[in-house]
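Numbering of ligands and ligand atoms starts at 1, following listing order.
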Amino acid sequence: MGNISLIGFMGSGKSSVGKELSKLLHEMELIDLDDYIEAMTGRTIPEIFESEGESAFRELERVALENIFMTGELTGTSYILSLGGGTVTTEACRKAVRSNTACFYLRASIDTLVSNLEQWPGDRPMLRGRNGLRSRVRELMADREPLYEETAHHIIDVDDNDYAAAAVKVASLAD
Ligand code: S3P
């Protein structure tokens with residue numbers, strides 16, 4: 001099987017579906033792009049945003065994806081890639097993901113995203129210090145939704161938050 005990627009907004013369940021998927025597809029290696037970047041730079045995502053800003057982080061995402069796809073080709077490893085919510089805002093990343101993976105958009109409504117993000121806020125620089133979570137999610141989704149749709153080969157609705165079921169669907173559609 002070739003590489004699989006999971007895209008979608010923060011709080012849509014990319015990491016959880018990735019973990020469920022790796023239980024189904026043992027031969028594939030699970031990579032969370034944020035974790036990969038933290039290991040690559042020795043810094044946390046919030047630290048990178050604070051010291052260098054968003055555009056530097058987007059460039060790190062692009063370089064990380066380039067490294068991962070190159071390594072996969074050299075070693076013959078297939079990956080389950082759980083991407084960041086904003087990875088698709090970089091054109092080079094959209095192209096790399098579309099051409100190197102079967103890409104799945106985990107689609108959730110604004111209500112689901114807000115409720116998940118309230119439950120598991122984490123430390124998310126893109127949601128910090130703004131007027132109200134819901135309006136920030138709406139604002140970012142307005143820009144990103146077309147990019148998720150343009151990049152994905154398949155769309156999986158995850159409003160039921162049933163990540164195990166979503167993983168089964170992804171596994172059945174991936175080639
Ligand atoms: C971001 C999403 C985060 C992380 C960074 C930026 C975004 O990943 O990459 O904080 O711009 O949506 P998750 O989607 O895994 O939270």
Mind checking whether [X] and [Y] have side chains closer than 4.5 Å, heavy atoms only?
| X | Y | answer |
| --- | --- | --- |
| Tyr79 | Thr71 | yes |
| Leu25 | Ile4 | yes |
| Leu81 | Phe69 | yes |

### Task
Describe, in one word, how the ring planes of Tyr148 and Phe9 are oriented to each other, choosing from parallel (under 30°), tilted (30 to 60°) and perpendicular (over 60°).
perpendicular

If the cut-off is 4.0 Å to any non-hydrogen atom of [X], which atoms of ligand 1 fall inside it?
| X | answer |
| --- | --- |
| Ile45 | 5 (C), 10 (O) |
| Met126 | 6 (C), 7 (C), 11 (O) |
| Asp34 | 3 (C), 4 (C), 8 (O), 9 (O), 13 (P), 15 (O) |
| Gly85 | 2 (C), 7 (C), 8 (O), 12 (O), 13 (P), 14 (O) |
| Pro125 | 10 (O) |

### Message
Give me the nearest non-hydrogen protein atom to atom 12 (O) of ligand 1 as residue plus atom name, then the distance to 0.1 Å.
### Response
Arg144 NH1, 2.7 Å

### Task
For atom 7 (C) of ligand 1, find the nearest protein heavy atom and state the residue, atom name and distance (0.1 Å precision).
Gly86 N, 3.3 Å

#### Entry: Distance-only polar pair, side chains of Asp34 and Tyr36, donor-acceptor under 3.5 Å
no

### Query
Do the side-chain N and O atoms of Glu145 and Tyr105 include a donor-acceptor pair separated by under 3.5 angstrom?
yes

### Summary
When every non-hydrogen atom of Cys93 is compared with those of Glu61, the smallest separation belongs to SG-C, 4.2 Å

#### Entry: Per atom 11 (O) of ligand 1, closest listed option by heavy atom (Arg58, Lys14, Arg124, Glu54)
Arg58

### Query
For Phe9 and ligand 1, does the shortest N/O to N/O distance drop below 3.5 Å?
no

